[in-house]
Amino acid sequence: WPTTPIRYLGIYIGHDSQQCYKLNFESKISNIDNLLTEAQKRQLTLFRKVCIIKSLAIAKMTYVSLCLTIPEKVIKEIDMRIFRF
């Protein structure tokens, strides 16, 4: 039996819940953070910022949220980054 988490359809599944949490959520949070910092460099209108948030940032978490329960900590972290954007 494998001792490390297995990636199945883009979701990491395994015995160690902390390691699966890091692989599933922390990489997505860093991707969203990188996306928003790159978009922050441009002179965007409010409408374009909303489009970036809805179509790119939140879309990264959609599939994971359908398969797994997102912890409250992750929701607050993403909300803080979007609000700061």
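Nothing here was measured: the structure is a model prediction, and the numbers come from that model. FYI, side chains are in, hydrogens and waters are out, and symmetry mates aren't considered; it's all heavy atoms of this structure.
- Between the side chain of D79 and the main chain of I75, no donor-acceptor pair closer than 3.5 Å is present.
- Looking at residues two or more places apart in sequence or on another chain, you find a ring pair (Phe, Tyr, Trp, His ring centres under 6.0 Å) between Y21 and F25.
- Proximity of V74 to M61: side-chain heavy atoms (C-beta onward) are separated by under 4.5 Å at one or more points.
- Within the 4.5 Å cutoff, no side-chain heavy atoms of L36 are placed close to those of R84.
- In this structure K73 satisfies the side chain to side chain donor-acceptor pair (under 3.5 Å) test with no other residue, sequence neighbours excluded.
- Note on residues 40-60: pairs passing side-chain hydrogen bond (donor to acceptor under 3.5 Å, both in side chains), not counting sequence neighbours, are E38-K41.
- Counting all heavy atoms, side chain and backbone alike, L44 lies closest to A39 at CD1-O, 3.5 Å.
- Here E77 pairs with R81 under the side chain to side chain donor-acceptor pair (under 3.5 Å) rule; sequence neighbours left out.
- One distance of note links CG of N24 with CD1 of I29; it measures 11.0 Å at 0.5 Å rounding.
- Residues A57 and L35 approach most closely at N-CD2, 3.7 Å, considering heavy atoms.
- Residues L23 and P5 approach most closely at CD1-CG, 3.9 Å, considering heavy atoms.
- Among pairs with a residue in residues 53-85, none fulfils ring-ring contact (aromatic ring centres under 6.0 Å, His included), at least two apart in sequence or across chains.
- I58 is not listed as a side-chain neighbour of I78, based on a closest heavy-atom distance of 4.5 Å or more.
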Take I32 and L56, measure what side-chain contact (heavy atoms from CB on, under 4.5 Å) needs, and give me the verdict at the end. CA-CA 8 Å; I32 290 171; L56 299 176; over 6 Å; no
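- Proximity of a side-chain donor or acceptor of N34 to a complementary backbone N or O of S30 within less than 3.5 Å is detected.
- I70 and L9 end up in the same hydrophobic cluster when Ile, Leu, Val, Met, Phe, Trp and Tyr side chains are linked at under 4.5 Å.
- Pairs of residues two or more places apart, or lying in two chains, never qualify as side-chain hydrogen bond (donor to acceptor under 3.5 Å, both in side chains) while including a residue from residues 4-16.
- Transitive grouping of hydrophobic side chains (ILVMFWY, heavy atoms separated by less than 4.5 Å) keeps I53 and L46 in distinct clusters.
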